[in-house]
Amino acid sequence: MCNRHWWTTLGLAVALFAGPVTAVQAQGVRPPELNVQYHRAETAWKSGASVLEVKARVDRVLEVLPNDVEALKLRAQALLKMNRDAEALTDARRAVRLRPKDGEAHLILCEAARRNGDAEGAERALDAASELALDDAALHIRLSWNAMLLDKLGKAEAFARVAMASDPDEAAAYYQLARVFVLQQQREAAATVLLNGLNKSILDPGAITADTVLVHVVDHPNLRPLLEK
C-alpha cells in the first residue's frame with residue numbers, strides 16, 4: 001500500500017471513530033451552526049452591540065473549536081473591552097501561537113500585553129505586527145495608537161504616516177498623525193495635518209474640539225476659523 005493511500009485510509013478511520021466534534025476540531029472548519037454564531041458575534045462587535053453577546057456567542061464557537069484563530073481574536077478584543085485583561089492576554093497568545101503570520105493577532109497581543117503592564121512584550125508584539133500589516137491603513141492606525149500609548153512616538157508617527165499614505169481619505173489617519181505631532185510638541189505640523197483634512201472635508205470640527213489630545217491645538221490661528229464655523 002502506498003504511503004498516500006495509507007494516510008487517507010487512516011484519516012477516514014480516525015474521523016469515523018472520533019465522532020463529529022473531534023473531527024471538526026481536527027479539520028478546523030466551523031459547522032454551519034457555529035459559523036452563524038461567529039458571524040453574529042462579529043456583526044455585534046462591529047455594530048457596537050452588547051459585548052456580553054459577543055463573548056457569549058464566540059464562547060460557543062471556542063467550546064467546540066478551541067483553535068479557531070478568528071474566534072480567539074474576537075474574544076480577546078471583547079475581553080479587553082470588559083477589562084478582563086489577563087484572559088484577553090491568554091487568548092491573544094494562543095492566537096499568535098496558532099497563526100504566527102497574522103498581523104492582527106500580534107496587534108491584539110500588543111494591546112493585551114500593554115494592558116497587563118508588560119511594556120516589553122507589548123513592543124515586541126507591536127514590531128511583529130508592523131512587519132505583517134503591509135499597507136493596511138486600519139491596522140497601521142491601531143499600531144500608531146498602541147505605539148503612542150507605549151510612549152514610542154517615533155514609531156507612532158511612522159505608522160500614522162503609512163496609514164495616511166495607504167488611504168488618503170481615512171479620517172482616523174489624520175486625527176492620529178495630528179495627535180502624535182501634538183505629543184511631540186510639533187504644533188505647526190499638527191495644525192497642518194488637521195487643516196488639510198478639514199479643507200478636504202474629511203474631518204469633523206466637532207471631533208477635533210472634543211479630542212483630549214487635539215484640543216491643545218484648536219486655538220491655532222489657521223484652524224480656529226474652520227473650527228468655529
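For clarity, every value in this text was computed on a predicted model and none was experimentally measured. In what follows, residues are counted from 1 in the order of the sequence shown.
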Worksheet item: Got a second to check how far R57's CZ is from T43's OG1, nearest 0.5 Å?
Response: 9.5 Å
Worksheet, complete the sentence: The remaining residues in the hydrophobic cluster of V36, counting side-chain heavy-atom contacts under 4.5 Å among Ile, Leu, Val, Met, Phe, Trp and Tyr, are none
Worksheet item: How does the hydrophobic cluster around L139 look, that is, which other residues are in it when side-chain heavy atoms under 4.5 Å mark a link?
Response: L107, L126, L143, L150, F159
Worksheet item: Looking at residues at least two apart in the chain, or sitting in another chain, which of them share a side chain to side chain contact (heavy atoms under 4.5 Å, CB included) with A210?
Response: none
Worksheet item: Checking salt bridge (Lys or Arg N to Asp or Glu O under 4.0 Å) for the pair E53/R40: CA distance, chi angles, key distance, verdict?
Response: CA-CA 9 Å; E53 177 189 347; R40 286 180 177 171; over 6 Å; no
Side-chain polar contacts of residues 214-223 - donor-acceptor pairs under 3.5 angstrom, sequence neighbours left out - could you list them?
unit_1	atom_1	unit_2	atom_2	d
D219	OD1	R187	NH1	3.3
D219	OD1	R187	NH2	2.8
H220	ND1	N222	N	3.1
H220	NE2	E188	OE1	3.1
H220	NE2	E188	OE2	3.1

Fill in: Gap between atom CZ of R179 and atom OG of S144 - 0.5 Å precision
8.5 Å
Worksheet, complete the sentence: For V162, the side chain to side chain contact (heavy atoms under 4.5 Å, CB included) test, sequence neighbours excluded, returns H140, S166
Worksheet item: In the single-linkage hydrophobic clustering (I, L, V, M, F, W, Y; side-chain heavy atoms under 4.5 Å), do L74 and L52 co-cluster?
Response: yes
Fill in: salt bridge (Lys or Arg N to Asp or Glu O under 4.0 Å) partners for D136, two or more places apart
none
Discussion item. Going by the rule side chain to side chain contact (heavy atoms under 4.5 Å, CB included), which residues pair with T90 if we only count those two or more places apart in sequence or in a different chain?
Written reply: none
Practice prompt. Tell me, please, which residues at least two apart from N146 pass side chain to side chain donor-acceptor pair (under 3.5 Å).
Written response: E111, R114
Discussion item. For R99, is there an ion pair with E70 - N to carboxylate O distance below 4.0 angstrom?
Written reply: yes
Discussion item. Which residues pass the salt bridge (Lys or Arg N to Asp or Glu O under 4.0 Å) test with R94, not counting sequence neighbours?
Written reply: none
Worksheet item: Can you name the residues that form a side chain to side chain contact (heavy atoms under 4.5 Å, CB included) with A78, not counting sequence neighbours?
Response: W45, V51, V54
Practice prompt. Can you see which heavy atom on V213 is nearest to which on D211, and at what distance?
Written response: N-OD1, 2.9 Å
Discussion item. I'd like to check the salt bridge (Lys or Arg N to Asp or Glu O under 4.0 Å) partners of D167; sequence neighbours left out, ordered by chain and number.
Written reply: none
Discussion item. Check this for me: does any side-chain nitrogen of one of K73 and D102 sit under 4.0 Å from a carboxylate oxygen of the other?
Written reply: yes
Discussion item. Within this structure, what is the SG-CD distance for the pair C110 and E104, rounded to the nearest 0.5 Å?
Written reply: 12.5 Å
Discussion item. Is it true that, when you exclude E33 itself, more than 12 heavy atoms of the residues, nucleotides or ligands shown sit nearer than 6.0 Å to its CD?
Written reply: yes
Fill in: Other cluster members, L109 - Ile/Leu/Val/Met/Phe/Trp/Tyr, side-chain contacts below 4.5 Å
L89, V96
